[in-house]
Amino acid sequence: MKMRIFDTLSVAEKNIDTSSSVRIYLCGVTVYDESHIGHARTIIVFDTLRRYLESKGVKVNLVQNFTDVDDKIINRAKKENTSAETITTRYIKNYFDDFDKLNVKRADLYPKATEHITDMIDLIKGLIEKGFAYTSKNGVYFSVSKFKDYGKLSKKKIDELVSGARVEVDETKKDPLDFALWKFSDDSPTWESPWGNGRPGWHIECSAMSLKYLGSNFEIHGGGRDLIFPHHENEIAQSESFSGINFAKIWMHVGMVTINGEKMSKSLGNTKSIDHVLKRWGPNIIRLFCLSGHYTKPIDYSEDILKETITKWRQVENCYFEMILADNSQAIDGLDQIRNIIQESKAEFDSALDSDFNTPLALGVFFKLVKNINQLASSEKLTKTISDAVLPTFQEMSSILGLQVIQVTDNEKNMISNLIKQRDIFRSQKKFLEADAIRKQISDMNIVLIDHKNKTLWMKQEKIGIED
RNA sequence: GGUGAGGUGGCAGAGUGGCUAUGCGUUCGCCUGCAAAGCGAAUCUAUAGGGGUUCAAAUCCCUUCCUCACCUCCA
């Protein structure tokens, strides 16, 4: 396969090297609070990318870290009068609860910073030996001026950064731009190091863990756009100074989620937790929303847009049930035509994703296919043969997008079809009150009846919180 | 101020030189015992403003205006 992704570093689209496995390092979350819709977007984008690559038979090795040592965690622990570990354990569990519900496949590995302290210490040692880092009163620092390419990812010039005012003043650093690799501290949790007790800086953890698990030069390093500077810039400085070779082949950054056009932030109090949006919209709507704009661009979370998405999702559900409940009673024609549609859809879908992972375009292709099937169903031309021809493609696309139509048990199926039979009898006797009572009973099970000319089908709808 | 990304119909969102996606919305209609769901038709002829290149530009160049993000922890 030939897939191109926009690389932040070279400011150009680059081919993903799929000759062997595709190694992806994704910067995960700091576990001091609930995850929000912004985290969801980044992680769903990478989950979908991974699903797509795997659907093409490409082996993916996805590593996503948990930052479980950080000042915010310690502050939260102090506030709750408990240990940092209690906090991180709670929010790691919370993370998996949320993302399992969002149908995000588990990464191959979720390394935690606290479990890689020795790797970080080794890395820092190496950087000191090579002359890129030094010890001072408050910790060990990376000397930015020693790394000549500093600023190449974020396109910043060192001189401008210095004059750009908002650099923390710290007399103990040789240069205001130098950043901490190791911070001395007696506040628990701390670890021993050759330089003194303390804890690692944020940036060093991702360098240490990505180098350890994916090597010095892997295919894709990703995260939110807000991580470009300083986090990823610093990772490049550390990793390339240590290894002497180029770090990630492609830097892939996902745009921010705004809320009604405003940046989402704790201080504005407008964050939307995953728990909140799941209760309100459910996983499929959220995934569709997160993939509805090109991943490099910002997307705006607003009720109106999410509501539109419900309509689309209902069409997908309708399409699925029309297909699985199609029967043989019709003449078989139009099969060649539908085969063409399937071929075209597949080709367009792949081509959209191959071209810098254009998910909005791919979604459009998927919806078009859904529309085509619903058209056939509406005109009583959807036979079982046609359904069987389309279903694999429908399911493959759904699976890549991580969408899941709600499933029904055989018991439910039997019960529903019995109720429908009873209702049909009442209808034929023009006992509409009784028929409507059955319809109500069915609808209480989240089943919607689809009355065609000569038959009644049904679909199970996902419950969407906001519609209650 | 610096850097980057943008400004496309009521809304969302593709499209990097020519054939003006797609979806939502709205209106009417089909279907129905009535609904629901679905479908059809109609509506909308958009490309921030100005200039230029070209037979031809949303698409290339110049310019003006505007928006957003990052430059501090942040997905």
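Treat the numbers as computed from the prediction; the structure is a model and nothing was measured. Throughout, protein chains are lettered first and strands after them, A, B, ... in sequence-line order, and every chain is numbered starting at 1.
Taking atom NE2 of H253(A) as the reference point, atom P of C68(B) lies 22 Å away to the nearest angstrom. Across the protein-nucleic acid pair, R41(A) atom CZ and A69(B) atom P stand 14 Å apart, rounded to whole Å. Atom P of nucleotide U32(B) and atom NZ of K430(A) are separated by 12 Å, given to the nearest angstrom. Going from atom CD1 of I438(A) over to atom C1' of A35(B) covers 16 Å, rounded to whole Å. Rounded to whole angstrom, the span from the CE atom of M459(A) across to the C1' atom of A37(B) amounts to 6 Å. The distance between atom CG of D304(A) and atom P of U26(B), rounded to the nearest whole Å, is 12 Å. As a whole-Å value, the separation of I447(A) CD1 from A35(B) C1' is 17 Å. When the P atom of A36(B) is taken as reference, atom CZ of R423(A) falls 13 Å away, rounded to whole Å.
Residue contacts shown for K156(A) include a base, since a base heavy atom lies under 4.0 Å away. Residue N318(A) is in sugar-phosphate contact alone, with no base atom involved, counting any heavy-atom pair closer than 4.0 Å across all strands shown. In this structure, D226(A) reaches the bases: a heavy-atom distance under 4.0 Å links it to at least one base atom across the strands shown. Heavy atoms of G28(A) sit under 4.0 angstrom from primed sugar atoms or phosphate atoms, though from no base atom. Among the atoms of the strands shown, only primed sugar atoms or phosphate atoms (P, OP1, OP2) are found under 4.0 Å from some heavy atom of G223(A). Residue contacts shown for V448(A) are limited to sugar-phosphate atoms, with no base heavy atom under 4.0 Å away. Nucleic acid contact class of L227(A) (heavy atoms, under 4.0 Å, all strands): sugar-phosphate only. Among the atoms of the strands shown, only primed sugar atoms or phosphate atoms (P, OP1, OP2) are found under 4.0 Å from some heavy atom of N358(A).
Applying the salt bridge (charged side-chain N to carboxylate O under 4.0 Å, His left out) test to residues at least two apart or on different chains, none of the pairs has a partner in residues 251-260 of chain A.
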Please evaluate residues R225(A) and T8(A) with respect to the criterion side-chain hydrogen bond (donor to acceptor under 3.5 Å, both in side chains), reporting the C-alpha separation (whole Å), side-chain torsions for both, the decisive distance (0.1 Å), and the verdict.
CA-CA 10 Å; R225(A) 293 203 76 81; T8(A) 309; 5.2 Å; no

Where do S185(A) and T190(A) land on the side-chain hydrogen bond (donor to acceptor under 3.5 Å, both in side chains) test, with the steps shown first?
CA-CA 7 Å; S185(A) 171; T190(A) 61; over 6 Å; no

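Only the P atoms considered, A46(B) is 14 Å distant from U8(B), to the nearest whole Å. When the C1' atom is used for both G7(B) and U63(B), the distance is 16 Å, rounded to whole Å. Nucleotides C68(B) and C61(B) are separated by 25 Å at their P atoms, to the nearest Å. C60(B) and C19(B): their P atoms are spaced 15 Å apart (whole Å). If you take atom C1' in U26(B) and the same atom in G51(B), they sit 38 Å apart, rounded to whole Å. Spacing of P atoms, A58(B) relative to A48(B), comes out at 10 Å, to the nearest Å. To the nearest whole angstrom, the two C1' atoms, one in A75(B) and one in A57(B), are 38 Å apart. The separation of G10(B) from G29(B), taken at their P atoms, amounts to 26 Å, rounded to a whole angstrom.
Pair check for U3(B) finds A69(B); Watson-Crick or G-U wobble, both atom distances under 3.5 Å. The partner of C30(B), taking Watson-Crick or G-U wobble pairs whose two distances both stay under 3.5 Å, is G38(B). The pairing partner recorded for U47(B) is none, the criterion being a Watson-Crick or G-U wobble arrangement whose two distances lie under 3.5 angstrom. Remark: U53(B) base-pairs with no nucleotide; criterion is Watson-Crick or G-U wobble with both hydrogen-bond distances under 3.5 Å.
The I299(A) side chain lies nearest to G13(B) when the options are A35(B), C70(B), G13(B). Closest to the I450(A) side chain, of the nucleotides A37(B), A75(B), C31(B), is A37(B). Picking from A12(B), G38(B), A75(B) the nucleotide with the shortest atom distance to the side chain of R314(A) gives G38(B). Checked against A5(B), C73(B), A75(B), the side chain of P230(A) finds its nearest nucleotide in C73(B).
Taking 3.5 Å as the limit, the base of G38(B) and the side chain of D451(A) contain no donor-acceptor pair of atoms between them. Within 3.5 Å, no donor on the side chain of D300(A) pairs with an acceptor on the base of A12(B), nor the reverse. In terms of polar N and O atoms assigned as donor or acceptor, the side chain of R225(A) never comes within less than 3.5 Å of the base of A75(B) in a complementary pairing. In this model, no side-chain donor or acceptor of R427(A) finds a partner on the base of C34(B) within 3.5 Å.
No option in Q238(A), K173(A), E233(A) other than Q238(A) meets the side-chain contact (heavy atoms from CB on, under 4.5 Å) test with F179(A). Under the ring-ring contact (aromatic ring centres under 6.0 Å, His included) test applied with H253(A), the options H221(A), H232(A), H231(A) reduce to a single match, H232(A).
Here the side chains of R287(A) and L403(A) are in contact, with some heavy-atom distance below 4.5 Å.
Remark: the backbone N or O of G28(A) is not paired with any side-chain donor or acceptor of Q64(A) at under 3.5 angstrom. No donor-acceptor distance shorter than 3.5 angstrom exists from the side chain of D451(A) to the backbone of T456(A), with no hydrogens or angles considered.
Residue-to-nucleotide proximity on RNA chain B shows that, of S378(A) and K72(A), the 5′-proximal contact is made by S378(A).
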Enumerate the protein-to-nucleotides 20-25 of chain B contacts in which both atoms are nitrogen or oxygen and the separation is below 3.5 Å.
residue, atom, partner, partner atom, Å
G23(B), O2', K312(A), NZ, 3.2
C24(B), OP1, Q315(A), NE2, 2.9

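Using a 4.0 Å cutoff on non-hydrogen atoms, the parts of residues 290-298 of chain A near RNA chain B are S292(A), H294(A), K297(A), ordered by number.
A sub-4.0 Å separation between OP1 or OP2 of G33(B) and a side-chain N or O of K431(A) is absent.
The shortest non-hydrogen separation linking R314(A) to Q461(A) is CD-NE2, 3.3 Å. Heavy-atom minimum distance, E462(A) versus W313(A): OE1-NE1, 3.1 Å. Nearest heavy-atom pair across A84(A) and P189(A) is CB-CD, 4.1 Å.
The aromatic ring centroids of H294(A) and F6(A) lie 6.0 Å or more from each other.
F96(A) carries R106(A) over the face of its six-membered ring, with the cationic atom under 6.0 Å from the centre and within 45° of the normal.
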